[in-house]
Every structure is written in C-alpha cells, then in structure tokens.
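Just so you know, these numbers come straight off a predicted model, no measurement behind them.
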Amino acid sequence: MRFEDEHLLAVDKPAGVNTHRADDHAQDGMYEWVQSQRPDVRLSILHRLDKATSGLLVFGTSRAANQSITGQFEERTVAKRYQLLVERDEKRRSRLSCDDPIERTRGGRRDAHLLEASTDFERKAVGPRVERFVARPHSGRTHQVRIHAAALGMAIIGDRDRGGADGARVFLHAAGLRLDHPARGSLDLSSDRPQSFDRVLDGASADHAPIAAHVALEARTTLFDPADTDCYLWIDRHHDGFADLRVERLGDTALVLTYTDARSGSSPTSSIPDSWLDAWSEAAELTSVYEQRRPRGGGGGPARLLRGADRPRSTVVEHGLRYQLDLTASATSSGLFLDQREARRRLLGSSLAGSTVLNAFAHTGSLSVAAAKAGAETLTLDLSPHYLDWARENLRLNDLDPVDHDFIYGDALQWMDRLARKGRVFDLVLVDPPSTSTTGKRGATRWVVERDLHELVRRAAELTAPGGSIYVSTNLRRMTWPTFLDHLQAGLVAADRTATVETTTLPLDHRSGPGDPAYLKGAWIRLDG
C-alpha cells in the first residue's frame, strides 16, 4: 500500500496483472483484489494501467475524491511520471517529445478516429547497452507512452509488438502521480522502480534467466507481506519466461513442477538447465530446490532434491496461518494447494463464530483451518486417514485444538448421503473434489467430475441450512465455464434450492492469457432462505 486515507487508496500494481477483471469468469484484477481486502470500503477506478505495466494505481474511496480526481484526469491536470528502459543509442538526444495522434480505443478495439496526444521524454541514466528515460505524458491515451516511445525510434525493452528488444517484461513502470487531494491539496505519490530495471541498466541481459527470475519474484512479492505469506506461485510457465514448468516458492524452498510427456517424465535425469537453477537460487536465496514431475499422461512421483539441504518437511505461512508441508508425501501435492489461497483468505475474513462447516474432500484440511480460525466448528471429511492426521496437525500449528472439531474417515459421497439421512445441516459446505477418484473394492466406484459434479452440488445443497453457503471448485482445465455453471444449476434444481452464484478463479500469483485461460473454476453459492 502506497497511500490510504478516507478519500484515496494507492497501491503498486505488479506487471502481468490487469487493473480490473475482464469478465465474470476471468482472473481478478488489482481492483477486485484490493476490494476483497477492504470489504467495508467502496473503491472506484479513477484511472488504468495496462497489464504489462507496473506501478502506481489510485482508487477513490469517497464521493468527493471520485468527482474531483476523475475530473482532474479528464482535464489532464494530473502529472504522471513513468520510467522506461530502451536500447542505447549514442546519437539519441537526452530530451525528446512526441505529439503524434493516437487511434481511439473502444472496448479493446481501435477505430479510425485519432486523438490528440503528447509525451515528453528525458534520459536519466545510461548503461552499457541500455538507457533509462522518464516519460511525462500530457494526455491519457491507451498505451500512449509505449506508442510514442516507438515512434521516436526507442521502443521499450520487452514491448515486442512495437519493435522493442526481447525482455522478461515490458520495462515500463508508473513511477509517480501528482494530483490535488480533495482535502489536503497537492499530493505527490511515488513508486520505486523495480530492482530489475537497475540490473538491466547495469548490463544484465533483459531476457535471460536471472532477470526473468527477478521479474517474476518482483511481481509476486508486490502482492504479499513476507511476514504474513511466504508461499506462492513464483513462476508460471511461459508467462514468466520458463516454458513447461511452474515454481512454487515455499518459504526458503522452491518446488519445481515440470510438465512433460510420459516418456520424458520417466527419465531419472532432470532436464532443468543449471543456469535456471542458478538464477532461482540467486534471486530468492533458497535453501533447497526440489523437482516434481507431472507427466501429461498421468503418473509421476514424489518430489526429489535437486540442490541444497534435504528438508522435505517444513512449515509455511499464508495470511498469518501456518501449514505443514511434505514434498515427498504425494505425487500431486506438497500438502497445500496454492490455487485455493483466495478461498482460505475469504474464510479467514468471514464472521463464522458459532457456524458449522463441512469440508468434504478435505485433503490436509487447509480450508478447515481457515474456517476454524474464523470461529467455525468444522467437520473434516476425507478418504485418507493420513491426510486427516495432517489436518489435525495443521490445526495444532495454529493454536486450534482438534478435540474441538470433528473428523470423518471415508468416502465423501457416501458420507454426505449418510449425513443427509441423519438430518444434519451446515451453515457452510466446502467441496473441492479431485477430477477423478477410484474407491471401493478393486476400484469399482469411479468419481468423474465432468460427469458427476452436479450430483455433488445436489448433495452439498441438501446438507446446507437455509441462507447458508456452498463453495465448490474444480481444477479440471478442460471443463469449460458453461459446463461448470450447468452442473451448478442442475445440482441446485435437483435439490429444489435456489441461490445466488458468485464465480471465482485463480489468485493473482497465477498467470493466464490468450489461448491459456485460467484453469480453476470456483463458485460461492449463497442459498436462499
């Protein structure tokens, strides 16, 4: 947080994150992310930064601010400063200006109408191969600084669409805003440029692994207080410059998830270049690096040590809660699914004192921990006694006595039916099922989320009290949003319940883009009374 009072709230937006959610089923942007953490404050979007740009983003929190500052942006009286990196040109002057008109953009599309625009550029530093400029746009056209820089023959590094040199990101940062505060008068807000800018200026290659690792880390650490959260998805495949793998930051340990075909996944030798391992270890000062293979055809095995101390068991912190991890316990999980962070945050911030919560398919009980910390009485249900013991340990780590909560070992579907026959109801039912599951003798019963999700929603609705809620999610990438929503509706109809549905997807440390939609589909379902 850069600034906050009763009128304004200013934050640093990481590169790779939108200003706001593009549609109902897209990832949240900074607006939704900040709003979720300030539920008692109504935020208004006063201006926008594009997805690739990092830096200052200001929201209004009062009617006076909304009217005043919106008017200032429209009248072009807000002074904006950007920092950018461009390739070095010894013949380039230190001060340049561009007033080329820019095509108007509506709904993400350009039309033939040209809009007046003007930007001043001033060189501030010179490196072996790169120059750093400050840009001061005097109008607020879409992509104005990027367009004008390219028009002057100095396309921003990483802005490939406009001829910029390859880079781990678009090296453009919204560094400052000067505006008239509705109560304080002139207010100058600033945001320090990311350290990766200075590393590239000093001679580091803008598109090589060390800078890519730093850029990815900067984008995530902007979102989290390390004292509050030290586990997150640090690197997400090609979006962060490392194809076919993800890297989870788990305290001082990195877990590399490599996605290969079945044949290459069976090889005992890691295909990760030493230069990548060096880059990750240097960027994050890691104690250990593990790799876990995730063959696309299924299979794989527990994580194995690649570098550093062999400490597969550790404790991480998320939203102030502690969770036990074990990197060798499973072929599919360390014990904490990072993509469910926002569900845990929402539970933790809810008023659940005196509420009853059923957590089915509970895994290691992380959702139960968040609900219990918020005051709920939880029933944790899972097919694995090992995971139930793990859930008890997670409660103890957070000063919660497992004796005050219930645990059931068994098939979730069968037990949900049994609980319904007994007349049990809960204020909140949590269901995050696996995509497939085999249970019973010789695997006679098979759960398939594409076929059976609506039945699970029906069971959950039958166990939920009037006015209560259900959280349901799936990480099956090939299930589309229309199919997911059809399952929700069919399950509610079968249970003869009506509800309001709020959808959610991946948290902001995960990445998605054109042709690569967010895989997680979730819904908070508020049942009518």
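- Ring-plane geometry between Y232 and F224 is classed as parallel, the angle between the planes falling under 30 degrees on a 0 to 90 degree scale with a further cut at 60.
- A centroid separation of less than 6.0 Å is found between the aromatic rings of F337 and H363.
- Between the side chain of R246 and the backbone N or O of T258, no donor-acceptor pair lies under 3.5 Å.
- Using a cut-off of 4.0 Å between Lys/Arg side-chain N and Asp/Glu carboxylate O, D326 and R311 are scored as not salt-bridged.
- Panel note: side chain Q27, backbone P507; a donor-acceptor pair is recorded below 3.5 Å.
- Side-chain contact annotation: N359 with S368, donor-acceptor N/O pair under 3.5 Å present.
- Separating the OG atom in S384 from the CG atom in D389 is a distance of 8.0 Å, to the nearest 0.5 Å.
- A donor and an acceptor atom, one from each side chain of S54 and H173, are located under 3.5 Å apart.
- The distance from atom CG of L348 to atom CD of E342, rounded to the nearest 0.5 Å, is 11.5 Å.
- Between R123 and E131 there is a salt bridge, since at least one side-chain N of the basic residue sits less than 4.0 Å from a carboxylate O of the acidic one.
- Using the six-membered ring where Trp is involved, H454 and H487 have ring planes that are parallel, under 30° apart on the 30 and 60° scheme.
- Checked for salt-bridge contact, K124 and E122 meet the test: a charged N lies under 4.0 Å from a carboxylate O.
- Ring orientation note: the planes of F484 and W481 are nearly perpendicular, at an angle over 60° on the 30°/60° scale.
- Counting non-hydrogen atoms of neighbouring residues, nucleotides and ligands closer than 6.0 angstrom, the CD atom of E282 exceeds 12 such neighbours.
- Here the CG-CZ distance, from L367 to R346, works out to 12.5 Å after rounding to the nearest 0.5 Å.
- With 3.5 Å as the limit, one finds a donor-acceptor pair spanning the side chains of T332 and S330.
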